[in-house]
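Written below as C-alpha cells is the structure these notes are about.
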Number of protein chains: 2
Amino acid sequence: MPDLTPSSRAERRRSTERRILDAARGLFAERGYERTTIRAVATSAGVDPALVMQYFGNKQELFRRSVHTPLDRSADGLETPADLLLATLGVKLAGLPETSLAMLRSMLTHPEAAEAVRAGLNTQIDEIAEAVAGEDARLRAALTVMLMVGVTIGHQLLDIEALRDASPERIAAVLRPAVQALIEP
Amino acid sequence: MPDLTPSSRAERRRSTERRILDAARGLFAERGYERTTIRAVATSAGVDPALVMQYFGNKQELFRRSVHTPLDRSADGLETPADLLLATLGVKLAGLPETSLAMLRSMLTHPEAAEAVRAGLNTQIDEIAEAVAGEDARLRAALTVMLMVGVTIGHQLLDIEALRDASPERIAAVLRPAVQALIEP
DNA sequence: CAATTCACTCTACAGATGTTGAGCGATTCC
DNA sequence: GGAATCGCTCAACATCTGTAGAGTGAATTG
C-alpha cells in the first residue's frame with residue numbers, strides 16, 4: 001500500500017528511518033517513554049526490532065531523535081511578544097505537534113524528557129520575562145508559561161471535559177484577561 | 001533504630017504495612033508508577049518483595065493503597081469558595097502531600113492514575129463552577145484548576161527555577177489578579 | 001506445654017524488555 | 001559479471017519485572 005517503487009537504497013533507508021521515527025514519536029506521545037517498547041515501535045513501523053537498534057543504537061537515542069524538532073520554531077521556542085501567547089496557545093490546543101506531546105507526556109517520569117522540557121520552558125520564560133516590567137518579571141513569566149502548560153495538559157493529555165468541549169477561541173478569550181493580569185502588573 | 005519493642009503480632013503487622021505504604025508512596029511520588037518496582041519498595045521498607053505481594057496482591061493495588069488519602073480533605077477535594085483557592089495553592093506549594101505528588105507524577109503515563117486525577121480535578125471544577133456566574137462557568141473553573149495544576153507541576157515536579165526561588169506568598173499574590181480575572185467575569 | 005497460627009523469607013518461574021551478532025539477499029560498484 | 005556493500009531479519013542473550021508456592025520460626029492459643 002505504500003509506494004510500490006523499491007527506489008534506490010539510499011531512499012529506502014531514509015524512508016524506513018522516517019517510518020520508524022514517526023512510529024516512535026506517535027507511541028511516545030501516546031504512552032510516554034517507559035510504556036513505549038522498541039518492539040512496539042518496530043511493529044508499528046513494520047520492521048524488525050533489531051533494525052531500530054541498528055539505526056538508533058539505543059532507546060534513549062531513539063527518543064531523542066523522535067522528539068527532535070528540526071526547524072519548527074513555533075513548536076516550543078515560540079516567538080512570544082507577550083500577547084501572541086494566546087495565539088500560540090490556540091495552536092497548541094488545536095493540536096500540539098507530536099514531538100511536544102511526547103515530551104510533555106514523558107516529562108514527569110523520564111529524567112531526560114524532564115530536562116528537555118525544563119530547558120524549553122526556561123527559554124520561554126526568559127523570552128517572556130523580557131517583555132514584562134517590574135521586579136517580578138521572571139516569576140510572572142513563569143506563572144504565565146505554567147498556566148499554558150497546565151491548560152495544555154488538561155486539554156491534550158488528561159482530556160478534561162470542560163476543556164475538550166470548549167473551542168480554542170473561547171478558551172483564548174476567557175484566558176486573555178488572566179494572562180494580561182499576569183504579565184501587566 | 002526503629003522501635004526496639006517487637007510488640008504484639010497485630011501491631012507488628014500494622015507497623016510493617018505502614019512502612020511498606022510509606023516506602024511505596026515515596027517512590028511513586030519520586031519516580032512515578034512504572035519506574036517504581038516492587039523490589040525497590042520492599043528494599044526501602046526493609047522487607048522481602050514477596051511480603052509486599054502478600055500484603056497487597058499486586059502492584060496496582062499497592063499503588064491504590066499508597067495513594068489513598070483517608071480523610072485528608074484539604075489534599076485534593078478542597079473546599080473552595082472561589083478565593084480560598086490561593087490559600088490552598090499556598091499549601092500545595094509549601095509541600096503537597098506525597099499521595100498527591102505520586103498521582104500527579106504518574107498521571108501522564110499511568111492510565112489509572114490519570115483516571116483518578118481526572119476524577120479529582122473534575123470534582124474540583126464542579127465545586128468551583130458553582131461559585132462562578134455566567135455561561136462559561138465550567139470552562140472558567142477548569143482553566144483556574146489547570147492554572148493551579150500547571151503551577152504546582154512547575155514548582156513541585158519540574159523544579160522550575162523562577163518558581164522555586166519565589167515564596168508561596170509571593171506566588172499567591174501575583175496569581176490573585178489572574179485568578180480573579182478567571183472566576184469573576 | 002503442645003498445637004496452631006501467622007508474619008515473614010527463600011527460591012523460583014514465566015514473560016517482557018533492551019540489546020547483540022550472525023547471516024541472507026538484493027543492490028551497488030568496478 | 002563477480003565482488004563488495006548494506007538494508008534487513010532471525011535467533012538468542014542477559015536482565016529485570018511482577019508474581020506464586022513452599023517453608024521457617026516465633027508469637028499465640030487451648
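Reminder, nothing fancy here: chain letters follow the sequence lines and each chain counts from 1.
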If I take atom [atom1] in residue [X] and atom [atom2] in nucleotide [N], what distance separates them, rounded to the nearest angstrom?
X        : N       : atom1 : atom2 : answer
Gln54(A) : dC10(D) : CD    : C1'   : 12 Å
Leu51(B) : dT24(D) : CG    : P     : 18 Å
Ile38(A) : dT20(C) : CD1   : P     : 11 Å
Arg14(A) : dC8(D)  : CZ    : P     : 12 Å
Lys59(B) : dA20(D) : NZ    : P     : 15 Å
Met53(A) : dT20(C) : CE    : P     : 5 Å
Arg35(A) : dT17(C) : CZ    : P     : 11 Å
Tyr55(B) : dT19(D) : OH    : P     : 18 Å

Does [X] make a side-chain N or O approach to OP1 or OP2 of [N] shorter than 4.0 Å?
X        : N       : answer
Thr16(A) : dC8(D)  : yes
Arg9(B)  : dC6(C)  : no
Ser8(A)  : dT27(C) : no

- N/O donor-acceptor pair under 3.5 Å between Ser44(A) side chain and Ala40(A) backbone: no

- Query: Short question: side chain of Arg19(B), backbone of Ala45(B) - any donor-acceptor pair under 3.5 Å?
  - Reply: yes

- Query: Which nucleotide sits closest to the side chain of Asp48(B): dT20(C), dC10(C), dG7(D)?
  - Reply: dC10(C)

- Message: What's the closest nucleotide to the side chain of Asn58(B) if the choices are dT9(D), dT19(D), dT19(C)?
- Response: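 Closest nucleotide among those given: dT19(D).
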
- Message: If you count heavy atoms of other groups shown closer than 6.0 angstrom to CD of Glu130(B), is the number above 12?
- Response: no

- Message: Quick check: closest heavy atoms across Lys59(B) and Tyr33(B), and the distance to 0.1 Å?
- Response: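 For Lys59(B) and Tyr33(B), the tightest heavy-atom pair comes out as NZ-O, 3.0 Å.
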
- Query: Under 3.5 Å, is there a donor-acceptor pair linking the side chains of His110(A) and Gln60(A)?
  - Reply: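 Note: His110(A) and Gln60(A) side chains meet the donor-acceptor criterion.
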
- Message: Assuming nearest nucleotide by heavy-atom distance, tell me which of Glu34(B) and Gly46(A) is located more 5' along DNA chain D.
- Response: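 Nearest nucleotide further toward 5': that of Gly46(A).
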
